[in-house]
Asker: 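Here it is, the structure, as structure tokens.
Below, all heavy atoms of this structure are taken into account, side chains as well, without hydrogens, waters or symmetry copies. Heads up: numbering here begins at 1 and tracks the sequence.
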Amino acid sequence: MSDAAEEPARDPVELLADMLYTGIGLAILAVNKAQVARRDLHGQLGSGLGPLEELLADPERTSRLLTRLQHEVRDVDERLGGVEN
């Protein structure tokens, strides 16, 4: 026969307490994992904003790029107008 048949039944209160502690432990692990993922994502996004931060720190450069972009858009618009006609 198996040893399980010879073991006395566990106290339901102890079993419930063990389940509660296990649930709390799993919840803590899940929160910690989410925090690590958030920190990793924040680190990746922080390092990815380098060129954008440089651009925002130099308003003169930003103005030049905006003017150039407006000219490019106007040029594309004129070319498309010519194709449509």
Side-chain angles (χ1 to χ4, degrees):
M1 291 199 162
S2 70
D3 291 332
E6 296 174 13
E7 290 181 17
R10 289 186 65 186
D11 182 20
V13 174
E14 286 180 21
L15 184 61
L16 184 60
D18 287 347
M19 290 172 52
L20 181 65
Y21 291 139
T22 302
I24 291 171
L26 290 173
I28 290 171
L29 289 174
V31 168
N32 285 341
K33 188 173 181 177
Q35 286 177 336
V36 168
R38 181 186 57 83
R39 287 185 187 136
D40 288 347
L41 181 61
H42 187 277
Q44 290 172 358
L45 289 177
S47 64
L49 293 177
L52 183 58
E53 289 173 344
E54 291 175 16
L55 182 63
L56 293 173
D58 187 0
E60 189 175 309
R61 182 176 173 207
T62 304
S63 178
R64 286 194 313 265
L65 286 173
L66 181 59
T67 302
R68 181 176 173 192
L69 181 61
Q70 288 171 339
H71 288 296
E72 294 292 332
V73 168
R74 215 175 294 132
D75 186 39
V76 168
D77 191 40
E78 288 173 2
R79 289 181 184 187
L80 287 176
V83 169
E84 288 175 352
N85 292 336

Asker: So, taking the atom named CG in Leu80 and the one named CG in Asp75, what distance separates them when rounded to the nearest 0.5 Å?
Answerer: 9.5 Å
Asker: To the nearest 0.5 Å, what is the distance between NZ (Lys33) and CG (Leu29)?
Answerer: 9.5 Å
Asker: Not counting sequence neighbours, which residues clear side-chain contact (heavy atoms from CB on, under 4.5 Å) with Asp18? List them please.
Answerer: Arg10
Asker: If we only count heavy atoms from C-beta on, is the Val36 to Asp40 side-chain gap below 4.5 Å?
Answerer: yes
Asker: Show every donor-acceptor pair shorter than 3.5 Å between a side-chain atom in residues 62-73 and any protein atom, with sequence neighbours excluded, or say none if there are none.
Answerer:
residue	atom	partner	partner atom	Å
Thr62	OG1	Leu55	O	2.7
Thr62	OG1	Asp58	O	3.0
Arg64	NH1	Glu60	OE2	3.3
Thr67	OG1	Ser63	O	3.0
His71	ND1	Arg74	NH1	3.3

